[in-house]
There are 2 protein chains.
Amino acid sequence: MQKADDSGSEAASGSAVDQVVAAIRALIRERGLGVGDVLPSEAELGAMVGAGRNTVREAIRILKAYGIVESRQKVGAVITDRRREAVMDVFSFAIDISAATFRDVQGFRRLVEVNLAETLIGRLPAATLAAMAAENAAMAAAEDPAAAARHDYAFHRLLVEAAGNRTLAEVYAILRPVVQRLMETGKTERRARDGAFREHAAILDALGTGDRLGYAYHMNRHLDAGLEFLPEAGRG
Amino acid sequence: MQKADDSGSEAASGSAVDQVVAAIRALIRERGLGVGDVLPSEAELGAMVGAGRNTVREAIRILKAYGIVESRQKVGAVITDRRREAVMDVFSFAIDISAATFRDVQGFRRLVEVNLAETLIGRLPAATLAAMAAENAAMAAAEDPAAAARHDYAFHRLLVEAAGNRTLAEVYAILRPVVQRLMETGKTERRARDGAFREHAAILDALGTGDRLGYAYHMNRHLDAGLEFLPEAGRG
DNA sequence: GCTCGGTATTTTGTCCCACAAATGAAGGAG
DNA sequence: CTCCTTCATTTGTGGGACAAAATACCGAGC
């Protein structure tokens with residue numbers, strides 16, 4: 001009864017569910033569907049691909065988990081874009097994020113943030129600098145590590161967004177759960193939090209005075225310090 | 001999709017599937033399950049929560065989409081942590097392609113690739129350099145623009161992957177459709193393709209001789225040239 | 001003619017059942 | 001003791017049924 005072996009369309013990898021996902025992807029692409037458009041009903045999709053409704057439902061369930069569609073009864077599966085929320089949900093699970101992931105993401109931040117000086121210096125509005133200073137002060141004054149981490153992240157987000165590149169900003173939004181959690185582990189000790197505050201201040205100072213070398217130096221130190229509280233296993 | 005995560009109980013207002021997801025989360029937390037442990041079978045979970053097997057399957061499907069579990073027949077759903085891959089998969093889904101997007105992505109590439117010199121110079125294996133040269137030659141010799149674009153992208157992928165940062169490599173994999181399409185439009189004219197070939201060669205030369213300024217100069221020029229064939233609208 | 005309310009219909013949500021496929025486990029033959 | 005066969009368990013897929021929700025439609029009343 002299964003193995004319709006439908007040729008012609010996406011020869012997706014393995015399972016029937018994956019094939020349906022691929023078919024829906026193709027459908028979205030070919031028909032140019034965007035946010036607000038509705039997918040065919042589950043029964044229709046099943047007929048199109050030669051799959052049962054259960055299989056189609058599991059495929060749609062994947063897309064829902066991805067934040068790409070929402071389904072409403074009587075209407076069907078509507079295309080949305082809540083992918084960032086989905087990412088937050090993914091990392092809200094109680095599983096610890098591996099040290100290797102932390103290191104890798106921090107390495108990515110180093111590749112990007114340390115080199116932002118060229119783009120930012122001289123082009124950074126005073127308002128942005130002031131906002132960053134405010135976040136830094138709020139971080140130092142925060143009650144708990146989670147709040148401090150939020151302000152720490154906000155500081156860096158302002159920095160990154162000031163570069164004026166949307167792709168970069170979105171990448172940082174994706175990485176936010178990992179980055180912010182790492183920041184949180186680095187805020188439990190008073191000493192470390194004070195160190196981050198001083199590093200932020202030095203970074204701001206370098207940005208204000210146009211000191212590129214100083215910026216790179218302090219940013220490098222700052223990102224290194226963020227990894228200080230990770231277990232030593234799994235170098236990256 | 002709530003954030004029950006820390007609260008003691010599992011209120012789980014929403015659908016039955018959401019309740020099962022919450023129950024599994026609670027199970028993972030309470031039993032302290034980690035990577036490698038297996039969840040109870042679908043039938044057992046259904047009995048525990050009072051839900052049908054289909055409902056349980058959809059809940060597990062969400063966790064699979066999140067990269068939290070993998071299921072193998074006869075064994076069951078084993079806990080893994082492929083969340084990073086899952087997140088990247090989410091964002092590789094559908095990217096809108098407009099002139100503004102091209103400009104933005106190219107700007108992101110500039111932020112990253114121009115500054116890779118510090119990381120790469122002196123640490124780039126000869127084999128990688130040779131592979132990049134081979135891709136460059138293949139690009140120049142390619143029959144059609146699409147093939148040339150594939151080799152162009154391969155050249156840059158080798159460069160980026162040589163930095164040894166997984167996050168960066170995965171971000172580039174996400175951007176691949178956009179980047180490669182842009183490369184394709186820049187390969188239709190013979191003159192432009194020859195220019196790209198020479199720029200690649202100059203980049204390789206600078207990498208080989210450790211000429212950081214030369215690398216940055218040529219990479220900047222190269223990325224600029226890639227935008228030459230875009231319509232003028234929407235400056236960045 | 002227009003508005004309000006009830007009915008009809010479509011579509012998703014959940015459950016049950018059945019069987020196929022995979023695969024680890026147990027048991028038997030050499 | 002080892003290898004092979006058989007078995008049992010669990011996921012994978014398909015089909016059917018009914019409930020719930022929400023839109024669409026149609027008729028009654030003003």
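The figures that follow rest on heavy atoms only: side chains count, while hydrogens, waters and symmetry mates do not. Since we're looking at a predicted model, the values are computed, not measured. So that the names make sense, note that chain A is the first sequence line, chain B the second, and so on, each numbered from 1.
- Of the N and O atoms on the side chains of B/Arg109 and B/Gln106, at least one donor lies less than 3.5 Å from an acceptor on the other residue.
- Put simply, B/Thr55 has a side-chain N or O that comes within less than 4.0 Å of OP1 or OP2 on C/dC15.
- A salt bridge between B/Glu70 and B/Lys64 is absent, with no side-chain N of the basic residue lying under 4.0 Å from a carboxylate O of the acidic one.
- Atom CG of A/Leu45 is separated from atom P of C/dT12 by 8 Å (rounded to the nearest Å).
- Listed nucleotides C/dG24, C/dC15, D/dG12 differ in distance to B/Lys74; the shortest reach to its side chain belongs to C/dG24.
- Across the protein-nucleic acid pair, A/Arg61 atom CZ and D/dT13 atom C1' stand 18 Å apart, rounded to whole Å.
- Rounded to a whole Å, the CD atom of A/Glu58 is 16 Å from the P atom of C/dT12.
- Within 4.0 Å (heavy atoms only), A/Arg72 reaches sugar-phosphate atoms of the nucleic acid but no base atom.
- If you check C/dT12, D/dA21, D/dT13 against the side chain of A/Ser71, the one that comes closest is C/dT12.
- Rounded to an integer number of Å, the gap from CZ of B/Arg53 to C1' of D/dG15 is 14 Å.
- As judged by a 4.0 angstrom heavy-atom cut-off over every strand, A/Ala43 is placed among residues making no nucleic acid contact.
- Taking the charged nitrogens against the carboxylate oxygens, A/Asp144 and A/Lys187 have no contact shorter than 4.0 Å, which rules out a salt bridge.
- With hydrogens and angles ignored, no donor-acceptor pair under 3.5 angstrom links the side chain of B/Arg57 to the base of D/dT10.
- Salt bridge present: B/Arg166 and B/Glu170 bring a charged side-chain N and a carboxylate O closer than 4.0 Å.
- Between the CD atom of B/Glu42 and the C1' atom of D/dG12 there is a distance of 8 Å, rounded to whole Å.
- If you measure from atom CD of B/Gln73 to atom P of C/dA25, you get 15 Å, rounded to the nearest angstrom.
- Remark on DNA chain D: of its neighbouring residues B/Val75 and B/Asn54, the 5'-side contact belongs to B/Val75, judged by nearest-heavy-atom nucleotide.
- Closest contact between the side chain of B/Ala51 and the listed nucleotides C/dC15, C/dT12, D/dA22 involves C/dC15.
- Shortest non-hydrogen contact noted between B/Ala148 and B/Ala142 is N-CB, 3.5 Å.
- Atom P of nucleotide D/dA21 and atom CD of A/Glu70 are separated by 18 Å, given to the nearest angstrom.
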